[in-house]
Amino acid sequence: MKNLWSDEDIIDISVGDDIAFRVYSSRLLGKDESLVLHGGGNTSVKVLEKDRFGAEEAILYIKGSGWDLETIEAESFSPVRLEHLQRLARLSSLSDPEMVNELVTHMTRATAPTPSVEAILHAVIPHKYVDHTHADAVVTITNSPEGEEKIRRIYGDEVIVIPYVMPGFDLARLCAEQLDAKLTSHSIGMVLLNHGIFSFGESAKASYGRMIYLVGKAEAYLRSQAAWDITSTPAEHDRDAGLRLAELRCRIAAAAGFPVVMRRHTDAATMSFVSRRDLESIVQQGPATPDHVIRTKRLPMIGGSVDAYVGAYKAYFAENEPLAKARKTILDPAPRVVLDTLLGMCTVGRSAKEAEIAADIHRHTMAIIQRAEKLGGYRALPAKDIFDVEYWDLEQAKLEKVGRPPRFAGEIALVTGAASGIGKACVDALLASGAAVVGVDINPGIESLYAQPDYLGLVGDVASETRLKAVLTQTADAFGGLDMLVLNAGVFPGGCRIAELPLDQWRKVMALNLDANLVLMRQAHPFLKLAPNGGRVVIIGSKNVSAPGPGAAAYSASKAALNQVARVAALEWGGDGIRINSVHPNAVFDTGIWTEEVLAARAAYYGLSVDEYKRNNMLKTEVTSRNVAELVIQMCGSAFAKTTGAQVPVDGGNDRDI
Ligand SMILES: [Zn+2]
């Protein structure tokens, strides 16, 4: 456990700027995945401020609910009147809605985020700075046999040990009592069994330093018990699991009731874990700290029996719901983590980001389990306690913060020729609509087009059948399947009259604009069949299909032939629920082939200005890549849900067609 505090980093923070120090050390905690992950943990600072009338008032600045420590800003902290919080802690009971109401109505900034549910707990700790994490090393020890005794032996009177109580008012009240009874001048923290650890101090540096010191001690203990190093046994994974993944994702989406992204992980540590003989027994305990449940569910699914998993989840709900204080409605019963000896770990979410969060959490859980096993066995909280957190309105509110899912949430699109022009515009529009997108292009720039979990850029020549097969395998590994295919890659070789047309040029155009698309459609078909909301193919055709021009025989013929392939596919694939529609753009000039010079030359050829040339259509309007992409999005969405085999122009109106 490394102390990352650097006095050089804080050179610009003026003495007495308590909040700036709070932000700095909160980010240091957030940077270390072994302390907190994705919104876990929270921090606070108590400051004196003048109110409107000049009277001094103590304010607790506490992390807003759902904020991530790694990226936290000063505005992410909610200022709440400290004395009021301390008085609340002495009440005998306070319901969740009452507590949230008290927190929100006693903030001093109306636009501040909702304070963390652990605000009252922070308020009762009589130190200026308070840091709270779910440190892996600490929960590894508390989640093992005689965890409490081990913690007491490791820390002596340095920490106060708090038995497990669900976060919220009851936990704050218990901590207030324990602090009253047990806090001494030696106390520098609290260990919350099966949950995490607090440290505190009079300065940000002291409180942070104590967190690192305390967690470092837990790590040293694990080393001393030969429970630190995780032995990794090499295990092979299935390298061609594309369709198996798509089939699994299809069944999980059916269980969830909505499409999902499923990310596959086959790193050495994961493969070693999933190939353990005792896998079944060691993963049946539950999460390392309760709030992970909203990301991973209580248990992972082993192998591919979704029905059995759903049955067990419903039984867990039926068993624990009657014990809850208020009536609950069952959440979707689909797994979020799948462990399989050949597939590795697959994680599931409404978006690639959600699936990635589940993966990050479970990667840490696997390490915690393996270390706790060396301490005598991993022991998590009883199912009832996990249920209470999973079905706690204040936890679910963190997920709802994200808002209504976007149009293509959980769906996966593949776009060819995606590095520029219409292809790139389609990638942009699909990402903006919530899809996970695979962009394929021969241009190596495709890989770095976006650095975000819902985008995968693959370099590839669509004319290579083997490369296309690999692209689909990689798509399934990254996102679990394929729902939407946008066939955009193509070439326009430049004008050439039939009398002079070389056969090799004709063949090259046919190979790229026709053959490659046929091969990709054929290979994508079994994946599209498994799309939860039905597969969709959109062909980027051309005005030349219905209104060819002289000098474009190869291009026009290839696009017309592709159009015919699309129509036949619409006939053949309707029974599989796959829709195939075509857009026919014309005169889209914001693409790579149209340089300023080419544009000026073409306009001059027709005796038009560049602007007139661009708007040379019935509507006298310029057609952009974005306009084409918007139509593609509509064709993938509900507006075209009952349409297949359609051809729609996007050209501003062409007199030869009309
Ligand atoms: Zn916590």
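Numbering of ligands and ligand atoms starts at 1, following listing order.
Contacts classified as ring pair (Phe, Tyr, Trp, His ring centres under 6.0 Å) and involving residues 82-101 (residues at least two apart or in different chains) are given here: His84-His106.
Under the rule for a side chain to side chain contact (heavy atoms under 4.5 Å, CB included), the partners of Glu98 that lie at least two apart in sequence or sit in another chain are Leu94, Ser95. Taking the ring pair (Phe, Tyr, Trp, His ring centres under 6.0 Å) definition, one finds that His127 meets it with Phe200, sequence neighbours left out.
Excluding waters, the count of protein N/O/S atoms less than 2.8 Å from the Zn ion (ligand 1) comes to 3.
Here Glu57 pairs with Arg81 in a salt bridge; the nearest charged N to carboxylate O distance falls below 4.0 Å. By the 4.0 Å N-to-carboxylate-O rule, Asp180 lies close enough to Arg90 to be salt-bridged with it. The existence of a salt bridge linking Lys63 and Glu118 is excluded, since no basic side-chain nitrogen approaches an acidic carboxylate oxygen closer than 4.0 Å.
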